[in-house]
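Heads up: the structure comes next, in structure tokens.
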Amino acid sequence: MKTSLALFWATLTLLILMTGLGSANAVQLPAELRDHGAIILLIDPQDGAILDTNTSAAAFYGYPVSVLRTMHIQDINMFDAEEVAEEMRRARSEQRNYFLFPHRLADGVVRTVEVYSSPYRMPDGRSLLLSIIHDATDKAIVEPENLAYRTRLESLVAQRSKEAMAAHFRTTMVTVVALLLLLGLLFWLYRKHRNMKQYRLQYELEQQRNQAQQELRASEELLATAARMARFGGWRVDLAEQKVVWSEGVAMIHDREPGYSPDVSEGISYYAPEWREHITRIFRECANSGVSYDQEMEIITAKGRRVWVRTTGDAVRDEQGEITQVHGAFQDVTVRKQAELALGHTLQELAHLVAAIPSLLISLDRKQNVVRWNQKAEELFGLHSKVVLGRSLRDCPVPWEWEMVSQALEECERIGSPVRVDDVPFTQRGGEPGFLGISVSMIPHDDDDHRGFLLLGRDITRTRLLENQLLQAQKMESLGHLAAGIAHEINTPIQFVGSNLSFLRDSCENIKQMLQHYSNFLEAGRNLAELAVPVETVERYKADIDLDFLLREIGASLEEVQVGVDRVAGIVRSMRMLSHPGKQGKAAVDLNGILESVVILSRNEWKRHVAIETNFQQDLPMVVCMAAEISQAVLNLLVNAVQAVAEQVESGRIAQGRIGIASRQDGDWVEIRIEDNGGGIAPEHQPRIFDPFFTTKDVGKGTGQGLAIAHAVIVGKHGGAITFTSDPGIGTVFIVRLPVFDADQAGKVEP
């Protein structure tokens with residue numbers, strides 16, 4: 001019976017190793033042992049704490065399972081600690097795992113129990129004790145009862161014989177014979193009674209043993225079936241003989257026949273070459289120092305198949321503490337390993353795919369904690385994924401407008417559909433302002449609930465800049481069309497006004513000549529009596545109207561009108577040049593004409609505070625460019641300079657503003673210089689003045705686009721250069737350089 005129970009325990013231990021009893025996270029019996037008919041306790045050998053048990057133990061001891069899990073084995077065992085230790089030492093010396101203890105039940109009754117125990121090593125290194133318990137009270141009582149009954153009977157017989165011999169010493173031999181016959185009869189009755197009771201007890205014990213053996217065979221068959229299905233087995237190495245004992249499952253994994261037993265070196269030779277040194281080292285550590293191991297490696301079976309296996313090893317010590325054996329478990333994990341490797345490749349491909357997405361990708365759980373943070377998010381925000389993973393998105397130092405994102409998350413959860421939010425302000429890694437377009441959607445789950453949120457976004461800063469530039473271009477196009485229309489409408493009346501003024505000026509000269517002749521005539525007519533009165537009347541009227549004054553002022557007025565008309569004509573020409581109708585590409589342009597037009601058109605901006613001085617090279621070569629866009633760029637630079645100077649004048653720092661505009665040729669380049677005596681640019685702002693949306697002006701006084709557009713036009717579209725020098729408190733000089741001829745337009749330029 002002990003051999004069968006030991007086999008049952010060994011098989012049960014293998015099942016526990018297979019099913020992962022005592023995982024790193026919880027210490028529990030497997031489900032198939034919880035409803036088992038045998039009484040099972042899982043005990044911590046360090047302090048005797050009962051870590052887990054089954055329903056059979058609860059029924060036997062009379063305590064609920066939840067109460068047993070809070071108790072210690074000392075609360076049940078009647079032996080003290082020294083007696084238990086002595087019993088275990090005795091068991092080790094006899095090389096058995098069988099014990100006989102008195103256990104107290106919940107109602108106070110003490111039962112004698114047989115305990116079959118064996119150690120189990122947890123994956124985290126802890127060693128626990130698994131005990132299978134049987135009620136052996138009847139078995140423990142039978143033999144002592146018979147012995148006590150016989151002792152009491154013999155004592156009674158001896159006592160009565162002594163009394164009879166003392167009382168009837170001188171009785172006859174008949175009395176002695178009768179007494180002997182009586183004693184023989186009593187002894188015969190005693191033997192018969194004892195034999196009948198022994199037979200009954202033996203029959204009951206035999207029935208219990210048969211039932212236990214049947215249950216054990218059923219459990220063994222169940223464990224064997226489970227081991228075959230799980231491709232699981234056990235092994236043992238006798239270190240003295242260096243002989244390996246394989247279970248049927250281990251032999252099957254190696255493609256060997258059942259009962260095959262190699263030596264240690266042959267067993268190691270089945271491991272793949274890259275694993276042999278490793279398994280040799282950890283086996284020796286276990287055999288020499290008792291270091292347990294639990295590893296996954298590859299073996300090459302007798303049929304040449306490469307199989308992934310999980311192998312575990314534990315040292316077995318004798319009563320002197322010497323390691324005599326190493327035993328362990330062996331399981332074919334090829335299917336799981338292949339699935340893990342395939343899953344690993346899939347996850348790696350998914351990680352590469354997510355990392356390659358050029359868009360911002362952030363995954364959140366239901367509590368808005370960061371689960372995934374891709375490479376684009378790291379680049380945009382300058383935050384490594386290790387800094388934010390696991391943290392609430394609200395608490396992460398993301399340089400964006402959190403309230404807009406938070407509202408999008410709330411709206412997405414409320415309506416259950418994706419939410420789009422554009423123009424989310426954020427600070428780029430270099431400190432420049434930018435905008436994000438973010439789409440927030442829920443990650444669905446099988447239980448009709450959502451598992452979290454997914455944020456997809458992209459940096460739309462450049463898009464917004466291009467849209468703004470397109471808007472500016474559209475405004476310029478509209479301005480061009482408007483200027484062309486105004487120029488056309490103004491040009492016609494200006495033409496006939498100018499023609500009439502020329503006619504009037506010429507007519508005034510003729511009138512002056514006629515009046516001169518008329519004066520001569522009057523002078524001659526004074527001596528004639530018949531003309532005296534008319535001459536006097538004419539002279540009086542001439543004096544009343546002050547004809548000389550009128551003639552003098554009419555000429556001056558006509559000159560002033562001519563100047564005004566010429567100015568209007570100049571404005572019209574400037575507007576027509578600025579609009580540049582019908583020219584979408586680059587063309588050879590008179591850059592001085594563009595500068596003059598910009599000065600004329602911006603006069604309303606600078607006439608109050610600024611005096612503009614021009615110094616244009618008269619023989620400046622034609623420049624191949626887009627006239628309208630160059631005009632816009634120069635206009636932006638001039639307006640910036642005017643605003644800087646006006647601020648200094650209005651604050652009283654300078655009395656008179658001055659802006660100088662010059663042009664000159666420098667080899668194959670034409671250079672434009674715009675110099676002002678404004679307040680200059682602060683050193684900390686100078687690196688960013690060409691950045692989109694950057695401005696030092698008050699809110700409502702600037703968009704931060706003027707210099708950015710000028711830079712884009714001059715550098716990006718014309719291959720030129722724009723630089724500046726600035727002294728705070730003294731002034732700023734912007735230098736624009738444009739190539740005289742565009743190589744891309746060779747043979748295409750119209751003069």
Side-chain angles (χ1 to χ4, degrees), residues 1-18 45 85-99 116-122 125-130 220 227 232-273 275-295 297 299-302 309-331:
M1 182 176 180
K2 291 182 180 180
T3 303
S4 299
L5 288 174
L7 180 59
F8 169 74
W9 166 245
T11 310
L12 181 61
T13 303
L14 296 180
L15 178 60
I16 294 170
L17 290 174
M18 178 185 70
E86 178 60 29
E87 182 65 19
M88 295 182 71
R89 283 195 296 273
R90 188 181 301 111
R92 284 196 299 270
S93 65
E94 297 173 3
Q95 295 187 351
R96 62 182 175 86
N97 59 349
Y98 164 78
F99 307 96
Y116 297 87
S117 299
S118 181
Y120 170 68
R121 188 171 298 277
M122 297 286 291
R126 287 191 298 165
S127 180
L128 304 180
L129 199 63
L130 190 69
E220 290 175 347
F232 186 82
W235 56 270
R236 184 179 70 253
V237 175
D238 189 319
L239 297 178
E241 298 180 0
Q242 290 291 298
K243 198 67 176 176
V244 182
V245 177
W246 280 350
S247 70
E248 181 180 349
V250 176
M252 179 179 66
I253 295 173
H254 284 81
D255 289 334
R256 302 303 304 241
E257 64 277 5
Y260 184 80
S261 298
D263 56 23
V264 173
S265 60
E266 182 183 356
I268 290 177
S269 69
Y270 281 100
Y271 286 88
W275 291 103
R276 288 174 190 164
E277 181 179 352
H278 181 63
I279 187 62
T280 301
R281 178 178 57 79
I282 62 176
F283 177 80
R284 288 177 179 173
E285 289 179 354
C286 184
N288 297 332
S289 306
V291 179
S292 301
Y293 62 85
D294 186 344
Q295 300 282 324
M297 311 178 194
I299 65 169
I300 301 176
T301 70
V309 297
R310 179 186 178 188
T311 178
T312 64
D314 283 301
V316 179
R317 301 178 184 269
D318 60 15
E319 60 182 0
Q320 286 79 30
E322 298 293 332
I323 299 175
T324 59
Q325 293 182 352
V326 175
H327 65 189
F330 210 74
Q331 183 180 11

- request: Write down the atom of G290, the atom of R317, and the distance for their closest heavy-atom approach.
  value: CA-NH2, 3.9 Å
- prompt: Atom OH of Y270 and atom CG of D255: how far apart are they, to the nearest 0.5 Å?
  reply: 9.0 Å
- prompt: Is the backbone of S269 close enough, under 3.5 Å, to the side chain of R276 for a donor and an acceptor to pair up by distance?
  reply: yes
- prompt: From M252 CE over to W246 CH2, what is the distance, rounded to the nearest 0.5 angstrom?
  reply: 12.5 Å
message: Quick check for you: to the nearest 0.5 Å, what is the distance between T311 atom OG1 and Y271 atom OH?
response: 4.0 Å
- prompt: Should the pair R281-E277 be classified as a salt bridge under the 4.0 Å nitrogen-to-oxygen rule?
  reply: no
task: Check whether any side-chain heavy atom of I282 sits under 4.5 Å from a side-chain heavy atom of M297, and report yes or no.
output: yes
- prompt: Considering only heavy atoms from C-beta outward, does the side chain of I323 approach that of S289 to under 4.5 Å?
  reply: no
CZ (R236) with more than 12 external heavy atoms under 6.0 Å: no
query: Which heavy-atom pair separates D314 from C286 by the least distance, and what is that distance?
result: C-SG, 3.7 Å
- prompt: Measuring from E241:CD to D263:CG, what's the distance to the nearest 0.5 Å?
  reply: 12.0 Å
message: Would you say the ring centers of H254 and F330 fall short of 6.0 Å from each other?
response: yes
message: Are the side chains of W275 and Q295 in contact, using a 4.5 Å heavy-atom criterion?
response: no
T324/L239 under side chain to side chain contact (heavy atoms under 4.5 Å, CB included): CA gap, chis, key distance, verdict: CA-CA 6 Å; T324 59; L239 297 178; 6.0 Å; no
task: Could you pull out the closest heavy-atom pair between G233 and S247, with the gap in Å?
output: CA-OG, 3.3 Å
field: Interatomic distance, T312 atom OG1 to H327 atom NE2 [nearest 0.5 angstrom]
entry: 8.5 Å
